[in-house]
Amino acid sequence: GSVQLGCFPDGLGWRFIPVDVVARNVVSCLLSPASINHDIYLDSTSLLSPELMVETLRGFGFDVRVVPYAAWRRKVLALATTGDTRNALFPFTDIIYALTPLRFLGQRYQFEWCLENRGCPDEIRALLEPREHIQPSVVNQMIDYYVRAGTMPRSASSYRSLVHAPAALSSRVK
């Protein structure tokens, strides 16, 4: 969706954790009696910076730039106003509406307690794999996968023509 908008929001960054790592961690914790009645938070302790994301997307030929979160948010919310369902972020406009710039920046502090898994026995924390998942190679593999799977186009120009094709076709029909 950000590629379609041509911009990516600034901020401290985003966390993600590969699903295979989540699966291994869940199984390890479930097999340990020490995990009973404990909430265990699985997430990356490193952040995907907007600059790394934009650099990676540009490497794939996408014309995107980093913009202030508030400006990006306005563009996303305009999707709801115009009913532009072609953008991949359209289904998330209600969530992004609630995620104000101040709340977005404040989330960093909300996660610190969870990331440390405070309140969990040391035995459980020792089971969790290292959580430095945000590496340039992983981000590159992720974008490459989406391109190969067809959920992202092979180039920015093919994406622009795909996104704008219905409007171009309807103007020819009139």
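Heavy atoms only: backbone and side chains are in, while hydrogens, waters and symmetry mates are out.
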K.L.:
Under 6.0 Å from the CZ atom of Phe90, do we count more than 12 heavy atoms belonging to anything else shown?
P.N.:
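Yes, the 6.0 Å shell around CZ holds more than 12 heavy atoms from other groups.
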
K.L.:
One pair to check against side-chain contact (heavy atoms from CB on, under 4.5 Å): Val76 and Phe92. What are the steps and the verdict?
P.N.:
CA-CA 9 Å; Val76 173; Phe92 304 101; over 6 Å; no

K.L.:
Taking atom CZ of Arg65 and atom CD of Glu51, what is their separation to the nearest 0.5 Å?
P.N.:
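Reported value, rounded in 0.5 Å steps: 14.0 Å.
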
K.L.:
Which heavy atom in Ser35 sits nearest to a heavy atom in Cys29, and how many Å separate them?
P.N.:
OG-O, 2.6 Å

K.L.:
Look at the side-chain heavy atoms of Ile, Leu, Val, Met, Phe, Trp and Tyr, link any pair under 4.5 Å apart, and say whether Val27 and Val21 land in one connected group.
P.N.:
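No.
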
K.L.:
Please report the shortest heavy-atom distance between Val3 and Met152, naming the atom on each side.
P.N.:
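In terms of heavy atoms, the two residues are closest at CG2-CE, 3.7 Å.
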
K.L.:
Give the cluster check for Val19 versus Tyr146: same hydrophobic cluster or not, with ILVMFWY residues linked at side-chain heavy-atom distances below 4.5 Å.
P.N.:
no

K.L.:
So which heavy atom on Asn87 is nearest to which on Leu89, and how close?
P.N.:
OD1-N, 2.7 Å

K.L.:
Check whether any side-chain heavy atom of Pro9 lies under 4.5 Å from a side-chain heavy atom of Arg73, and answer yes or no.
P.N.:
no

K.L.:
Where is the tightest heavy-atom contact between Thr93 and Ala80, given as atom of each residue plus distance?
P.N.:
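Here Thr93 and Ala80 meet closest at OG1-CB, 3.8 Å.
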
K.L.:
Nearest 0.5 Å, please: how far is CD1 in Ile40 from CG in Asn25?
P.N.:
9.0 Å

K.L.:
With a 4.5 Å cut-off on side-chain heavy atoms, are Arg58 and Phe62 touching?
P.N.:
no

K.L.:
Measure the shortest side-chain to side-chain distance between Trp72 and Asp10 over non-hydrogen atoms and say whether it is less than 4.5 angstrom.
P.N.:
no

K.L.:
Write down the atom of Leu48, the atom of Met53, and the distance for their closest heavy-atom approach.
P.N.:
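Between these two residues, the closest heavy atoms are CD2-SD, 3.8 Å.
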
K.L.:
What is the distance from atom CD of Glu55 to atom OG of Ser49, rounded to the nearest 0.5 Å?
P.N.:
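Here the interatomic distance stands at 8.0 Å.
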
K.L.:
To the nearest 0.5 angstrom, please state how far the CG atom of Asp84 sits from the NZ atom of Lys75.
P.N.:
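That separation rounds to 12.0 Å.
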
K.L.:
Are side-chain heavy atoms of Pro136 and Val139 found at a separation under 4.5 Å?
P.N.:
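Heavy-atom side-chain distance check fails, nothing below 4.5 Å.
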
K.L.:
Measure across Ser32 and Ile124 and return the closest heavy-atom pair with its distance rounded to 0.1 Å.
P.N.:
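Between these two residues, the closest heavy atoms are OG-CD1, 3.6 Å.
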
